[in-house]
Engineer: 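One structure is given below, represented as structure tokens, and several questions about it will come after.
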Amino acid sequence: MNYWLLKSEPSTFGIDDLKARPKKTEPWDGVRNYQARNMLRDEIKKGDLAFFYHSNCKPPGIVGVVEVVKSGYPDHTAFDPDSAYFDAKSQPQNPRWFMVDVKFVKKFPEIISLDILKKQPELEGFPLLRKGNRLSVMPVAAEHWNFVQGLVKKD
DNA sequence: GCCAACGTTGGC
DNA sequence: GCCAACGTTGGC
């Protein structure tokens, strides 16, 4: 079992949107970066857990946990000319883009902001904190996963 | 294959 | 809105 971090802009799709889904699941579509694609296609497996990260908002940070409920499969939004994620170069016989399905697990009582994360010496090497990193899917080491859990405010 | 121009991400 | 840090595109 592996750990991941998935980025999304809450104005597009946030953790509350996921929680509001009837089955609390959603395809993680629209990833159009090859490095991220490779992870979605080859590495992220059903049963894995991921941090839900809100980007491009105030403040950015980790807002909760999701579980991968379906391993990588073709992102069909790439085949749909009406979709914002349409890519003519991706064909159903030879799909270029992939996605996984995720399910809501929990929302943290408070966001663990990027600001807070940056102040933790224990998180050195955390890919999210690497300068210039823009990947929307990235692996999280088990020790980093556990450490971040410890930052969650207790009720 | 090189690399300049252009587009995107995402924090600030 | 700005801009650094990429990634992609396309001419050569």
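The shown structure was predicted, so the numbers you read here are calculated from the model rather than taken from an experiment.
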Engineer: What is the separation between atom CG on Asp115(A) and atom P on dG10(B), rounded to the nearest whole Å?
Structural biologist: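 Going from CG in Asp115(A) over to P in dG10(B) covers 18 Å.
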
Engineer: Just one of Ile44(A), Asp101(A), Val100(A) clears the side chain to side chain contact (heavy atoms under 4.5 Å, CB included) bar with Trp28(A), so which one?
Structural biologist: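 For Trp28(A), the side chain to side chain contact (heavy atoms under 4.5 Å, CB included) check succeeds only for Val100(A).
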
Engineer: Take nucleotides 2-8 of chain B nucleotide by nucleotide from the 5' end and write B, S or -, depending on whether a protein heavy atom sits under 4.0 Å from the base, only from the sugar-phosphate, or from neither.
Structural biologist: -----BB

Engineer: Please give, in whole Å, the distance from dG11(B) P to Ile62(A) CD1?
Structural biologist: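 Distance check: Ile62(A) CD1 to dG11(B) P gives 12 Å.
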
Engineer: Here's a test of your reading of the structure: between Tyr34(A) and Lys131(A), which maps to the more 5' nucleotide of DNA chain C?
Structural biologist: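 With Tyr34(A) and Lys131(A) compared, the 5'-side residue is Lys131(A).
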
Engineer: For Leu129(A) and dG10(B), what is the distance between atoms CG and P respectively, to the nearest whole Å?
Structural biologist: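 So the two atoms are 14 Å apart, to the nearest Å.
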
Engineer: To the nearest angstrom, how far is Leu128(A) atom CG from dG10(B) atom P?
Structural biologist: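 Nearest whole value for this atom pair: 10 Å.
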
Engineer: Map Arg32(A) and Asn56(A) onto DNA chain C by nearest heavy atom, then report which one ends up closer to the 5' terminus.
Structural biologist: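 So the residue in question is Asn56(A).
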
Engineer: Under the salt bridge (charged side-chain N to carboxylate O under 4.0 Å, His left out) criterion, do Arg37(A) and Asp75(A) qualify, and how do the steps go?
Structural biologist: CA-CA 10 Å; Arg37(A) 187 279 308 271; Asp75(A) 181 345; over 6 Å; no

Engineer: Parallel, tilted or perpendicular: which describes the rings of Phe126(A) and His144(A), with under 30° parallel and over 60° perpendicular?
Structural biologist: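 Phe126(A) and His144(A): perpendicular rings.
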
Engineer: Have a look at Lys58(A) and say if it touches a base, only the backbone sugar-phosphate, or nothing, with a 4.0 Å heavy-atom cut-off.
Structural biologist: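 No contact at all - Lys58(A) keeps every heavy atom at 4.0 Å or more from the nucleic acid.
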
Engineer: Do Arg134(A) and Ser55(A) meet the criterion of a side-chain donor-acceptor pair at a distance under 3.5 Å?
Structural biologist: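 Ser55(A) and Arg134(A) do not have a side-chain donor-acceptor pair below 3.5 Å.
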
Engineer: Check the distance between dT9(C)'s P and Asn33(A)'s CG and give it to me in whole angstrom.
Structural biologist: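 Rounded to the whole Å, the gap is 12 Å.
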
Engineer: Give the nucleotide from the list dG10(B), dT9(C), dC12(B) with an atom nearest to the side chain of Lys89(A).
Structural biologist: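 Comparing dG10(B), dT9(C), dC12(B) against the side chain of Lys89(A), the answer is dT9(C).
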
Engineer: Supply the atom-to-atom distance Arg130(A) CZ to Leu135(A) CG, rounded to the nearest 0.5 angstrom.
Structural biologist: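 Taking CZ in Arg130(A) and CG in Leu135(A), the distance rounds to 8.0 Å.
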
Engineer: Are Phe52(A) and Trp4(A) near enough that their ring centres are under 6.0 Å apart?
Structural biologist: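 Between Phe52(A) and Trp4(A), the centre distance exceeds or equals 6.0 Å.
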
